[in-house]
Structure formats: C-alpha cells, structure tokens
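Letters A, B, ... are given to chains in the order of the sequence lines, protein chains preceding strands, and every chain is numbered from 1.
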Amino acid sequence: IATYASAIRLCGNSRSLSAARRIRDHLVGNGWDRNTFLGNLLVELFGKCGSLDESRRAFERIATPNTYSWNIMTAAYTGNGNLHDARRIFAQMPEKDIVSWNAMMTAYSQARHFLPALDMFDKMPQWDVWSWNAIMRVYSLSGSLDTAKNLFDKMPQRTIVSWNTLVAEYAQKRHLGDAVGMFEKIPMRDMVLWNEVVMVFLDVGMANEAIELLEAMPQRDTVSWNTRTKAFVQIGDLVNAKRSFDSTPKPDLASFTTMVVAFSQQGKLRNAREMFDRMPCRDTVAWTAMVSAYAQNGHVNSARNLFHEMPEKNLVSWNAMVAAYGQNCDGATAVHLFRLMDLEGIQVDSISLVSALDGCSSKTALAEGRILHAAAVELGFDQD
RNA sequence: UCUCUUCUUUGAUA
C-alpha cells in the first residue's frame, strides 16, 4: 500500500494525468482501487487534475468510503468551482465532521454566497481555528472588514493563518496602514506573508520593487516564482517572464496558466497553445484561460471547439464563452448560451449578464434584450 | 523532513 501510495503522490507532484491513469488502471486490475486509503488518493489526484468524472468514478469504486473519502470528493468539486455537486455530496454524506463543514463553508465563501456561508457556520456542531479563520474571511470578503477585525480580536485561538488572512484583506482593500500595522505585530512571518507583501507591490504598480524584494528573499516557493513571472508580464517583459517560468524549480498549474495568459495578451496565440499542450495536466482554470485566449484573438470557432472539449465547465468557463460570442458581435448566440447556463444548473452572476449584454448593443433583437433584462431584475442587478 | 481531506498568498471570465 505504501508503495502504491507514494506512486500516486508522485503523480500528484508532477501533476501528470497520463501517469495517474496508468496507476489507476493498474489498481483497477488488481482490485486495490477498492481500498479506502488508495482510493482516497486517487479521488484527490483526479480532482486536482480537474478530471471530476474520473474522480467520482474512483470514489464510487471504494468499497467502504470513510469520512475522508467524502470530504475529498467534496473538495474535488469545490476546488473546480462546482458548488452544485459539492452541495449534493455534502447532503449525501452519512457522517459529517468539522472538516466537511469547514470545506462547505469555504466553498460558499469563495463563490461569494455569503449568507449560506454564515448559515453553515451557525449550523456547525463545533468550531476549530480553521472555522474561525474561514468565517473571518467571509466577513472581510463581504465588505465587513471591521467585523472581521473584531472577530480576530475575540477568536478563541489564532494561528499564523489568521494573521496572514487579515493582512491580505487589509492589503487588498487598500488599507495599507492597517496592513503594515498588522505586519509589524505578527509574531511569526512565513513565506505566505512575504508573498503577500510582494503582491502588494505588484498591486500598486511597483513591479520592479516586487521583483527586487523577491530576489532579496532568503527562500522562494512556487507561489513566489509565479508572482515573479507575473511581475514581468505586468511590465510587458515577456522575455524575462518566460525566463522566470523556465527557472521555476517546481512549476505548477498556475505557472503554466500564467504563461498561457501572458502569451495570449501579446497576441502570441501559438505560444499560448504550446504552453497549454505542454501542461502535464489541465484543470478548469487552464482550459478556461485557453478558451479565452482564442476568443480574445478573434478565433471564436477554436474557442468553441475547445469549450466543448473541456472535461469540466464551471461558471467562469461559461462566462468566458458567452463573452467570446459577445465580443465577436454574435449577441444571439451569447444570449442563447446565457440561457443554456440555467438549464445546465449553473447559477449566473453579474459577469454572465454583462458578457451577454456586450453582444446585444446593436445587433440583438429586442426579444433577447428583454430576456436579459428579466434576468437582471431577477438577480437584483437592474439598479446597476 | 512529504499519516489521505477543510482556513491565508500566485494562474481563468466582463
């Protein structure tokens, strides 16, 4: 079991989907895929690769799934932005532990569904530091930074994550004074915090200072390297961005996707596609980035083909495709897709609406405009 | 020095 486990983990590190499938087939062949521990690893592995079908099948093959199995299955869905199926799994779970509740609360929070997130918190049988950190973030994301700070002060325990969360929230909301104040009081500074500081420089348009700081840092992790690559992209230095990517010791999906977007923005569609093809495995984010790359460079048909090839689609992927049609003045198809989202069980958001409206400006018939207006009213966006 | 899952930093849509 240990041998198989390490083999699966190796795939996870290299994020190689084909290697993952080979191991999976091997385990299916000898029946070890029914083992809970190994099955759990497979569920997680396919989830991380954005292959939710295979993840679910691995889950279904486990003879006696435990709470870990259920939680990993939930995480696979939430990690790919599939709130719908995550909820379903959560509801079906025979036994929920604190991890299940925390995961579901965070899933709502990330989807910006703050009321259900608060509801989860209230319904939880007990709370741990993770729950407190997560609820603190719900408040800050929903705009109540003061409430978040009050929570931070009153929380029964705090970890380094609590501190890092608040610094990041202050920084993102441009309360730089508060961010610095927090930073100075932090008892222990880790890599996450330093990466946050680098991001502050990038966010305020000081890319060169960000790069200098990164180079002065004693340690760098993959996030640091990715941020460095992004900094070069931001100053329009594609050559050094590519160099930064090539120097990244352990590139992950974000490293590749950053380059896909960078090439696309410079109109280098071929390079973008090469980067995409070189990825050992592709998650929903990567697929969506490539769909948008085609769309933004005027290749709507290629965008559509790739969209249909995607193994999993979430809200953002759909929005990207709606926008693709909108930007290319095919308002009718954009609206059609917009309505299809509903049928697919995707909860539309304001971006879906704006993207569909984009193509409506002149070419779309009045009837389609009415559909969107009705949707806007329903969503409560009619005042905007 | 990686006993499987949940919190904070980097990558996708307007």
Side-chain angles (χ1 to χ4, degrees), chain A residues 2 5-6 8-10 12-13 36-45 47 66-76 78-79 81 97-107 109 128-137 159-169 171-172 190-200 202 221-231 233 252-262 264 283-293 295-296 314-324 326-327 349-358:
Chain A
S6 59
I8 298 173
R9 285 210 192 85
L10 215 62
N13 294 339
T36 309
F37 179 69
L38 294 178
N40 289 351
L41 291 175
L42 283 178
V43 175
E44 190 196 4
L45 179 59
N66 58 13
T67 309
Y68 276 95
S69 322
W70 285 92
N71 288 341
I72 295 169
M73 193 65 246
T74 311
T78 62
D97 63 5
I98 196 160
V99 171
S100 333
W101 287 95
N102 285 341
M104 208 55 219
M105 172 169 59
T106 303
S109 170
D128 62 4
V129 217
W130 292 51
S131 329
W132 288 105
N133 290 339
I135 195 71
M136 189 174 78
R137 184 152 154 85
T159 61
I160 195 160
V161 172
S162 328
W163 290 88
N164 290 346
T165 304
L166 212 50
V167 169
E169 289 300 329
Q172 278 156 22
D190 66 356
M191 189 66 84
V192 169
L193 185 70
W194 284 107
N195 287 337
E196 287 177 359
V197 175
V198 173
M199 267 312 289
V200 173
L202 256 193
D221 61 8
T222 303
V223 171
S224 325
W225 279 99
N226 293 347
T227 309
R228 184 170 180 272
T229 304
K230 182 185 160 148
V233 173
D252 61 6
L253 298 183
S255 323
F256 282 92
T257 310
T258 302
M259 288 310 300
V260 169
V261 174
S264 163
D283 63 1
T284 314
V285 175
W287 280 94
T288 307
M290 196 60 229
V291 167
S292 293
Q296 285 155 4
N314 63 18
L315 172 64
V316 179
S317 341
W318 280 89
N319 285 349
M321 203 55 229
V322 171
Q327 286 154 0
D349 66 0
S350 56
I351 296 180
S352 332
L353 196 64
V354 171
S355 308
L357 277 169
D358 199 27

d(CZ, A:Arg137; P, B:C7) in whole Å: 10 Å
Rounded distance (Å) that lies between atom P of B:U10 and atom CG of A:Asn226: 11 Å
Nearest-nucleotide pick for A:Val316, side chain only, options being B:U13, B:C7, B:U5: B:U13
Sugar-phosphate only, base, or nothing, as touched by A:Leu253 at under 4.0 Å among non-hydrogen atoms: base
Length of the CG-C1' vector between A:Asn66 and B:U6, whole Å: 15 Å
A:Val223 side chain, from C-beta outward: closest of B:U9, B:C4, B:A12: B:U9
Rounded distance (Å) that lies between atom C1' of B:U9 and atom CG of A:Asp190: 9 Å
Nucleotide B:A14, atom C1' - distance to CG of A:Leu315 in whole Å: 11 Å
Sugar-phosphate, base or nothing in reach of A:Arg228, heavy atoms under 4.0 Å: nothing
Sugar-phosphate, base or nothing in reach of A:Asp283, heavy atoms under 4.0 Å: base
Between B:U6 (C1') and A:Met104 (CE): distance, integer Å: 12 Å
ring centroid sep under 5.5 Å plus plane angle under 30, A:Tyr68 with B:U5: no
Gap between atoms CG and C1', on A:Asn314 and B:G11 respectively (whole Å): 13 Å
Stacking check A:Trp130 vs B:U6 (5.5 Å / 30 deg): yes
Nearest-angstrom distance from the residue atom CE of A:Met290 to P of B:A12: 14 Å
Closest listed nucleotide, where the reference is the side chain of A:Asn319 and the choices are B:U13, B:U6, B:U5: B:U13
Which atom of A:Ala324 lies closest to which atom of A:Ala295, heavy atoms considered: CB-CB, 3.4 Å
Closest nucleotide among B:U3, B:A14, B:A12 to the A:Arg9 side chain: B:U3
Proximal nucleotide (of B:U9, B:U6, B:A14) relative to the A:Ala168 side chain: B:U9
